[in-house]
J.: 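Before anything else, here's the structure in question.
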Amino acid sequence: MKFGIVTFPGSNCDYDSYHAVADVLGLPAVYLWHKSTDLEGVDVVVLPGGFSYGDYLRAGAIARFSPIMKEVAAHARAGGPVLGICNGFQIACEAGLLPGALLRNEKLQFVSDRVYMRVENADTMFTSRCETGDVLRIPVAHGDGRFTADEETLDRLEGEGRVIFRYVNADGVPDATSNPNGAMRDIAGIISAEGNVLGLMPHPERAMEELVGSADGRRIFESLLARVSA
Amino acid sequence: MSRFRVAVHIVPRKGILDPQGKAVSDALHSLGFDGVTDTRIGRHIVLHIAAPDAKAADAQVREMCGKLLANPVTEDFEIATVEAA
Amino acid sequence: MSRFRVAVHIVPRKGILDPQGKAVSDALHSLGFDGVTDTRIGRHIVLHIAAPDAKAADAQVREMCGKLLANPVTEDFEIATVEAA
Amino acid sequence: MTSAPTPRPGDPVITPALVAEHGLTEDEYGGLVALLGRTPTFTELGIVSALWNEHCSYKHSRTHLKTLPTKAPYVLQGPGENAGVITIGDGLAIAFKIESHNHPSAVEPYQGAATGVGGILRDVFTMGARPIALLNSLRFGSLDSPRVRHLFAGVVKGIGDYGNCVGIPTVGGEIVFDPAYEGNPLVNAMCVGLLHETDLIRAAAEGVGNAIMAVGARTGRDGIHGASFASEDLSAASEAKRPMVQVGDPFTEKLLLEASLELIASGHIVAIQDMGAAGLTSSSAEMAARGDVGVSIDTSKVPVREEGMSPYEILLSESQERMLVVAKKGQEAQVRAILEKWDLSAAVIGEVIAEPVYRVTEGDRVVAEFPGSKLVSDCPIYNPPAKEDPGVAELRARDVHAIGELREESDPRWTLERLLSSPTIASKRWAYRQYDSTVRTSTVLRPGDGDAAVIRIRNTDRAIALKTDCNGRYVSLDPRVGTQLAVAEAARNVACAGARPMAITNCLNFGNPKRPEVYFQFTQAVLGMGEACLALGTPVTGGNVSFYNENPRGAVHPTPVVGMVGLIDSQKHITRSGFTTEGDDIVLLGEPSDELGGSEYLARIHDVVAGAPPRCDLPREKATIDALLDAIRAGAIRSAHDCSDGGLAVALAECCVADVDGTIGAEIELSKWSALPLRALLFGEAQARIIVSTPESATVLDLARKHGVPARVIGRVRGRAEGFTIRVGERVIRTPLDRLARAYHDAIPNIMNASIAELAVLEQHPQPSGA
Ligand SMILES: Nc1ncnc2c1ncn2[C@@H]1O[C@H](COP(=O)(O)OP(=O)(O)O)[C@@H](O)[C@H]1O
Ligand SMILES: [Mg+2]
């Protein structure tokens, strides 16, 4: 299974995603340049974290017009997996691959921390190696992570099992301090209706090795591996 | 073609939490401006563009707002002024 | 006391680099809006305040701008509208 | 083309007043006229005022800086380049440098701090290194003042937004609050980069005929100091409003970083340098002097952001995110192509010439011309009188034992909690939670995890440990000893993380050097730094001097900040600072003594800065570090934390409560030292002390003995429920952990989060803050 990691001007977690896939998991990976229109036959597209176009105007707003995004959208329409992490989640929302928007953190500060997120639905290609209710410890680092959508959209997401990760405390329940950004309904990650585009604010690619604090992020990559190669 | 200066306001949609506006309200209170009841903060974008006439300039900027300048999920926009520049 | 709705524009001072405006200009060009020559991005702040009259409302908001709303080192402000609310 | 420069139409006439406004003394101006053999043009005056100002010329510091030790077999590049470089084996090297952005941050905290980070990043990547970590060392007045809170919040946000956007983790540093910095905050930023030794590139112009290119952002009128000097002669009020503030664009910086590294790897260039302070002028003049060649620059070819900029303005602009590059002749197009790939511009603006002159033209008109490299080499050097302020000698001699205890102090728990909640000691998480510390996925010890930050080196078993340190109060009381202690503390901190201290960079923040008492502090500090670096085997590879940190109310504490790099041979040796395991023995390396001078205790509890700072015994510091490292390598150490601000009791409490994820208890027995005054035992800041926790205390004690370091088991790590207990003879000091944790963790958030106005102002910045 081959991963393609998109580099937008201002992406800065492309390198970390590449490391996670290629060095830690030993899988084939390529960087995809934003001006390119060729996905080079990759199976999974990663929209990495960072500050594409400086996040000027709104996070992800300008990146969504990059030439590569047409191909990414086509790949998604054809059922190909797309993993949007942090800025990648923001880009996916701006591009209409996922519903909702990510707004300025409620406390108005950038938040860099390690949070807990609970797996809300283990029956997806991104979470098959988890159990529903599992709590993963994953770093966050963002200024605009407050997931926002209208009530109807939120209800639909919940009803269809598309809220995949929710911020919780170490014991697996939401509390006053477990949500780092004020996201509605403590939403940390959601999936598309077809189940092939996942967007999340926490950084699983930064949680691949105990040495740097956590290896819980592997479960997401390994789930993909299990499903896609099956 | 003439040159126009177009000012656009992009504002958070009603009902969307505006923590920035709230923080500014609170700060104004703490500075003694008690009369403030509400503050909303949006963007003020000033574009200089070439267009055949004011109407075309307005239409062009509307299109920009629809495509890029405003987020349809959370923001509204309004063209504040179109002036010859 | 009456209620007023005051709109203020806070803009980057002339000569000050506006990286955000530049990025948006570039993005508009790449979307085919070739006529755009310049984009500056500031804030649009709408305040609801109580004041005896429009003039007092204006004066109050000017003071807020000086104290809090605008950065005196890098930004200019202008009161766009004062309306009874 | 060697016609002498002629004044441009509209240039102001050179008058004594104009010369003075440019900061040149009469003698300096005389030197300039002698150098040229004629009256300078306005442009030339601007160039010289920039190059001969303190920041670029080091005219008051050079002689003394030369005395610092700079050599070791592993030092690849010492002072003189954009950053120092040391090798760490396997063909890999570390480039690092610290720099101040104090004055800009005082004017505009957010942009000042942000552009400080931008500048130090460029200093590192112009060596051919990829930045892998940022640190910062900050000093503010008391947080009681709204203005200080505004500065603090702005600086922290500026640092965070810039580093976060570029994608370099901010992993460590220090923040001190002291009324001495009330009017003059200090903002020092450090950057560390990784490179292959073979990619090391220096900033020396070479090769007659090679093209000089300006790359990156366009040049605007930002930060032209001359603009204010000359504003009378330039026109009206609009000019007076001309912005002095530079705005940072971290997005462009990120592109510039990638483009520069690609350029260096491409082999199409021979030199690259940041256009930092004094912009194009200083970068071009310094590159020419280093390469011992002439250069010719045409300002009309420099890409500008605004119309009608004069050569004077273009030369002195401090617009950010720009680089000067010397491209190999005939390879300009390739250079341009690399920049275009990153959506950046590049323009040929001049060339390296055989004739030994520094020449600036505007089209065909010569506007400035200096012979040879004299522009840089003929800069005046000063060694003004130095004399200690008798008031300081008195303070130092004061018997601080005579200071009576407050009534509340009869309960040492009160004092302990007061100290833990002192903003200088309390957790700085409020600040570093705004810094992305994990991007690049190599941060092993994040802020708060250890005494130093640790970054692993990919594809090796090695890691580096990084820390900045300086206790300005000590330095103010005794500059020589205080500076020795700054080096010692930094070394101790990286050793606590498991690293051998390797080398330092420094940022010397002082007041006005023309005042003898300031110059005394400076010379003594440099002396002490040299002594400590020799004794600890950590050469100085570079640094920065920032004078004039004073306002009418006085100068800041002299603050020679030390940025230390340590090397960890095996990732197994990476050591945290907090206790980890119930049942471990707690061992104190080093021992308490009756020293309270200059302590946080006196400052916080009694509002007194007096007494002699703690004694500095450099051989003892070295032995303690060696003993600790041997114990770590023997696998005997579970945690290590040094005693610094607040002394032994504070350090022990930190070991129990500093981890936000959970506290752990401890039971401590200090009766051996019950003869010492209790407050000196608990809160005195005797140096060369490290608290370790270990499952094998025998091994630790044994190794300590071998190195001649006093050591003793002083207690045991306990469960959370058992709390924190210190016994001294009859006295039992017992505290529940959550009281200590609250004191330590809530102090700064309680102050800052209540301060809505300051935070709201910042939110107004139209800066990126995404992900
Ligand atoms: N400005 C800062 N930026 C990032 N980390 C910081 C900053 N200030 C302090 N820290 C981190 O907080 C922890 C404690 O720092 P400090 O109080 O200076 O320790 P010590 O007293 O042991 O030298 C360290 O991990 C340090 O790197
Ligand atoms: Mg320490």
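Everything quoted here is computed from the prediction, not taken from an experiment.
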J.: Would you compute the distance between atom CZ of R206(A) and atom CG of D216(A) and round it to the nearest 0.5 angstrom?
T.: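 The distance works out to 15.5 Å.
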J.: By a 4.5 Å heavy-atom criterion (distance strictly below it), what part of L69(B) contacts chain A: side chain, backbone, both, or neither?
T.: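 Contact with chain A involves both backbone and side-chain atoms of L69(B).
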J.: Once salt bridge (Lys or Arg N to Asp or Glu O under 4.0 Å) is applied, do any residues pair with R114(A), and if so which ones, sequence neighbours excluded?
T.: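 With neighbours one apart ignored, the set is empty.
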J.: As an exercise: rank L68(B), V73(B), I45(B) by heavy-atom pairs under 4.5 Å with chain A and give me the winner.
T.: L68(B)
J.: Which pairs would a plain distance check flag for residues 72-84 of chain A, meaning a side-chain donor or acceptor within less than 3.5 Å of a matching protein atom at least two apart in sequence or in another chain?
T.:
| unit_1 | atom_1 | unit_2 | atom_2 | d |
| --- | --- | --- | --- | --- |
| H75(A) | NE2 | D43(A) | O | 3.4 |
| H75(A) | NE2 | P81(A) | O | 3.0 |

J.: Rounded to the nearest 0.5 Å, what's the gap from CG on D16(A) to OG on S11(A)? Could you check?
T.: 11.5 Å
J.: So, Y116(A) versus Y167(A), ring centres under 6.0 angstrom or not?
T.: no
J.: With rounding to the nearest 0.5 angstrom, report the CZ to NE2 distance, F51(A) to H142(A).
T.: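 It comes to 10.5 Å.
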J.: Among pairs that include at least one residue of residues 190-200 of chain A, which meet salt bridge (Lys or Arg N to Asp or Glu O under 4.0 Å), considering only residues two or more places apart or in two chains?
T.: none
J.: Which donor-acceptor pairs sit under 3.5 Å apart between chain A and chain B?
T.:
| unit_1 | atom_1 | unit_2 | atom_2 | d |
| --- | --- | --- | --- | --- |
| L57(A) | O | R43(B) | NH1 | 3.0 |
| L57(A) | O | R43(B) | NH2 | 2.6 |
| R58(A) | NH1 | L68(B) | O | 3.1 |
| R58(A) | NH1 | L69(B) | O | 3.0 |
| R58(A) | NH2 | L68(B) | O | 3.0 |
| R64(A) | NH1 | K67(B) | O | 3.1 |
| E94(A) | OE2 | N71(B) | ND2 | 3.4 |
| R146(A) | NH1 | L17(B) | O | 3.4 |

